[in-house]
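Along the sequence shown, the residues carry numbers beginning at 1.
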Amino acid sequence: MYRVSDVMTKQVVYLPAETTLDEAARVMKESDIGDVVVTDGATLAGMLTDRDIVVRAVAERADPASTTIGEIVTREVVMIEQHSTASEAAALMRERNIRRVLVCDNERKLVGVVSLGDLAMQLDPNSALSDISEAAPNA
């Protein structure tokens, strides 16, 4: 039985809410990731995905050089404890209709991110989603 800690991505990139969309997109591209954790000072403000940039900004014709990630970030933070099972993470994603969940330790300190693609690669390596996720890390 896989634990979330077995399948999660340990690389977490933090960006301040004042970061512009174009800079956030550049960081995602250079780091080969599809999400960043947004901070507001020392506080966790939420998670921003590449899809958020497209749907909430590009599709609305927001200027990527002047729009900040704080303006479009998903502020609801969904977390799961690292010792939870991969099946529990999948159920949480299904229940909340999300593709990524922040992973914390027992003191609620952020230790990673688990994506639907991470789960697919471990739970069903022969699935189409697993194939796609393997070709595009952190998709």
Side-chain angles (χ1 to χ4, degrees):
M1 168 175 30
Y2 288 104
R3 299 278 173 203
V4 171
S5 57
D6 298 327
V7 299
M8 71 182 186
T9 300
K10 292 176 179 72
Q11 176 189 13
V12 179
V13 175
Y14 298 87
L15 290 176
E18 305 80 41
T19 305
T20 58
L21 295 178
D22 59 353
E23 179 60 22
R26 239 185 325 279
V27 168
M28 287 181 189
K29 178 182 179 192
E30 289 168 3
S31 302
D32 196 24
I33 56 174
D35 55 74
V36 294
V37 173
V38 180
T39 58
D40 189 2
T43 308
L44 190 69
M47 181 186 288
L48 181 78
T49 67
D50 47 6
R51 184 175 188 279
D52 292 333
I53 293 173
V54 172
V55 172
R56 297 186 187 152
V58 175
E60 299 295 327
R61 299 181 189 259
D63 178 8
S66 64
T67 304
T68 66
I69 62 177
E71 294 174 56
I72 67 163
V73 68
T74 300
R75 297 218 174 246
E76 181 187 10
V77 176
V78 179
M79 296 183 104
I80 193 165
E81 208 273 332
Q82 66 183 344
H83 298 299
S84 300
T85 67
S87 296
E88 289 170 327
L92 178 61
M93 289 179 192
R94 188 171 31 257
E95 174 187 308
R96 296 293 191 91
N97 196 26
I98 55 178
R99 295 179 177 98
R100 292 175 176 86
V101 177
L102 297 176
V103 181
C104 64
D105 63 14
N106 57 2
E107 296 171 3
R108 295 200 42 88
K109 179 179 173 254
L110 194 59
V111 294
V113 177
V114 66
S115 71
L116 194 55
D118 295 333
L119 295 175
M121 289 192 324
Q122 290 299 327
L123 299 177
D124 188 359
N126 299 318
S127 73
L129 181 57
S130 179
D131 291 344
I132 293 167
S133 296
E134 195 168 10
N138 300 312

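Exactly one of V103, V12, D105, V77 qualifies for a side chain to side chain contact (heavy atoms under 4.5 Å, CB included) with L110. That residue is V12.
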- Report the C-alpha separation of S66 and D63 in whole Å, then their side-chain angles, then the decisive distance to 0.1 Å, and conclude whether the side-chain hydrogen bond (donor to acceptor under 3.5 Å, both in side chains) test is met. CA-CA 6 Å; S66 64; D63 178 8; 3.1 Å; yes
- Item | Check against side-chain contact (heavy atoms from CB on, under 4.5 Å), R51 and R56 | CA-CA 8 Å; R51 184 175 188 279; R56 297 186 187 152; over 6 Å; no
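V111 and L44 fall into different hydrophobic clusters, defined by Ile, Leu, Val, Met, Phe, Trp and Tyr side-chain heavy atoms under 4.5 Å apart, directly or through other members. Tracing side-chain contacts under 4.5 Å through hydrophobic residues (I, L, V, M, F, W, Y), one never reaches L102 starting from V13; they form parts of separate clusters. Residues I80 and Y2 share a single hydrophobic cluster, defined by chaining ILVMFWY side chains whose heavy atoms lie under 4.5 Å apart. Neither V54 nor I72 shares a network with the other; the hydrophobic side chains, linked directly or stepwise wherever heavy atoms of I, L, V, M, F, W or Y lie under 4.5 Å apart, form separate groups for each. The cluster map of Ile, Leu, Val, Met, Phe, Trp and Tyr, joined by side-chain heavy atoms under 4.5 Å apart, puts V37 and V78 in different clusters.
Residues V114 and L119 have side chains in contact (heavy-atom distance under 4.5 Å, counting atoms from C-beta outward). Counting only heavy atoms from C-beta outward, the side chains of I33 and Q11 approach each other to under 4.5 Å. You'll find the side chain of M47 stays beyond 4.5 Å of the side chain of V38, heavy atoms only.
Here the OG1-CE distance, from T49 to M28, works out to 6.5 Å after rounding to the nearest 0.5 Å. In this structure, T39 OG1 and L15 CG are separated by 7.5 Å, a value rounded to the nearest 0.5 Å. H83 contributes atom NE2, which lies 12.5 Å from atom CD of E88 (distance to the nearest 0.5 angstrom). Between the CD1 atom in I69 and the CG atom in D22 there is a gap of 11.0 Å [rounded to 0.5 Å]. Here CZ of R100 is found 10.5 Å from OG1 of T74. Values are rounded to the nearest 0.5 Å. Interatomic distance, E60 CD to E71 CD, rounded to the nearest 0.5 Å: 12.5 Å.
Judged by distance alone, the side chain of S31 and the main-chain N or O of V27 form a donor-acceptor pair under 3.5 Å. Between the T67 side chain and the P64 main chain, no donor and acceptor come within less than 3.5 Å of each other.
In this structure, G46 and V73 approach most closely via the heavy-atom pair C-CG2, 3.8 Å. Listed here is the closest heavy atom pair of C104 and M79: CB-CE, 3.6 Å. A65 and T20 make their closest contact through O-CG2, 3.2 Å (heavy atoms, listed as atom of the first residue, atom of the second, distance). Closest heavy-atom contact between A57 and L21: CB-CD1, 3.2 Å. Among all heavy-atom pairs drawn from T68 and A17, the shortest one is CB-O, 3.3 Å.
For the residue pair S84 / E81, no side-chain donor-acceptor distance below 3.5 Å is found, with atom types taken as modelled. Judged purely by distance below 3.5 Å, without hydrogens or angles, the side chains of D118 and S115 pair a donor atom with an acceptor atom.
Counting heavy-atom neighbours within 6.0 Å of R26 CZ, excluding the residue itself, gives a total above 12.
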